[in-house]
Amino acid sequence: ADASKAEVPSDAELQYMTKTTLLDFNEAIQKGDFTDFHANISKTWRNQISAEKFKQTFQIFIDKGVDISDIRSEKATFSAPPA
């Protein structure tokens with residue numbers, strides 16, 4: 001899909017984007033370091049929050065050992081159709 005043309009990605013693209021982002025987030029939790037995750041989010045979001053702020057916000061996930069890696073075998077279900 002071409003974002004500059006306001007095209008909605010295909011279901012396959014949406015599944016890939018969702019899974020990749022969540023697994024990158026999970027990796028940051030496992031490492032206790034959001035530097036790489038932060039580097040891969042949108043520029044707009046990067047300008048709003050630092051990697052350190054991510055870590056502070058999700059420190060409880062790190063402390064509790066949250067691991068969502070099982071999503072690899074799941075299919076995302078969206079509450080509203082992507083637009």
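All residue numbers in this chain count up from 1 along the given sequence.
- Shown here is Lys31, whose NZ atom has more than 12 heavy atoms of other residues, nucleotides or ligands within 6.0 Å.
- For Ala51 against Phe34, the heavy-atom pair with the smallest separation is O-CB, 3.6 Å.
- Rounding to the nearest 0.5 angstrom, the gap separating the NZ atom in Lys55 from the CD atom in Gln59 is 5.5 Å.
- Separation of atoms CG (Leu14) and NZ (Lys75) is listed at 10.5 Å; rounding is to 0.5 Å.
- The CG atom of Asp67 sits 11.5 Å away from the CD atom of Glu27 when rounded to the nearest 0.5 Å.
- No side-chain N or O of Asn40 forms a donor-acceptor pair with one of Asp24 less than 3.5 Å apart.
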* Give the C-alpha distance, both sets of side-chain angles, the deciding distance and a yes or no for side-chain contact (heavy atoms from CB on, under 4.5 Å) between Ile62 and Gln30. => CA-CA 7 Å; Ile62 296 166; Gln30 303 314 304; over 6 Å; no
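- Residues passing the side-chain hydrogen bond (donor to acceptor under 3.5 Å, both in side chains) test with Gln15, sequence neighbours excluded: none.
- The nearest pair of heavy atoms linking Phe37 to Thr21 is CE1-O, 3.7 Å.
- Scanning all heavy atoms of the two residues, the minimum distance from His38 to Ile41 falls at O-CG1, 3.1 Å.
- When all heavy atoms of Arg72 and Lys19 are compared, the pair lying nearest together is O-NZ, 2.8 Å.
- From Ile60, atom CD1 reaches atom CD1 of Ile29 across 11.5 Å, with rounding to the nearest 0.5 Å.
- Within the model, atoms OG of Ser10 and CE of Met17 stand 9.5 Å from one another, a figure rounded to the nearest 0.5 Å.
- Taking all atoms of both residues into account, the shortest heavy-atom contact from Ile68 to Leu22 is CD1-O, 3.7 Å.
- Put simply, the side chain of Glu74 does not reach to within 4.5 Å of the side chain of Asp70, judged on heavy atoms.
- You'll find the side chain of Glu13 stays beyond 4.5 Å of the side chain of Tyr16, heavy atoms only.
- Here CZ of Phe25 is found 4.0 Å from CZ of Phe58. Values are rounded to the nearest 0.5 Å.
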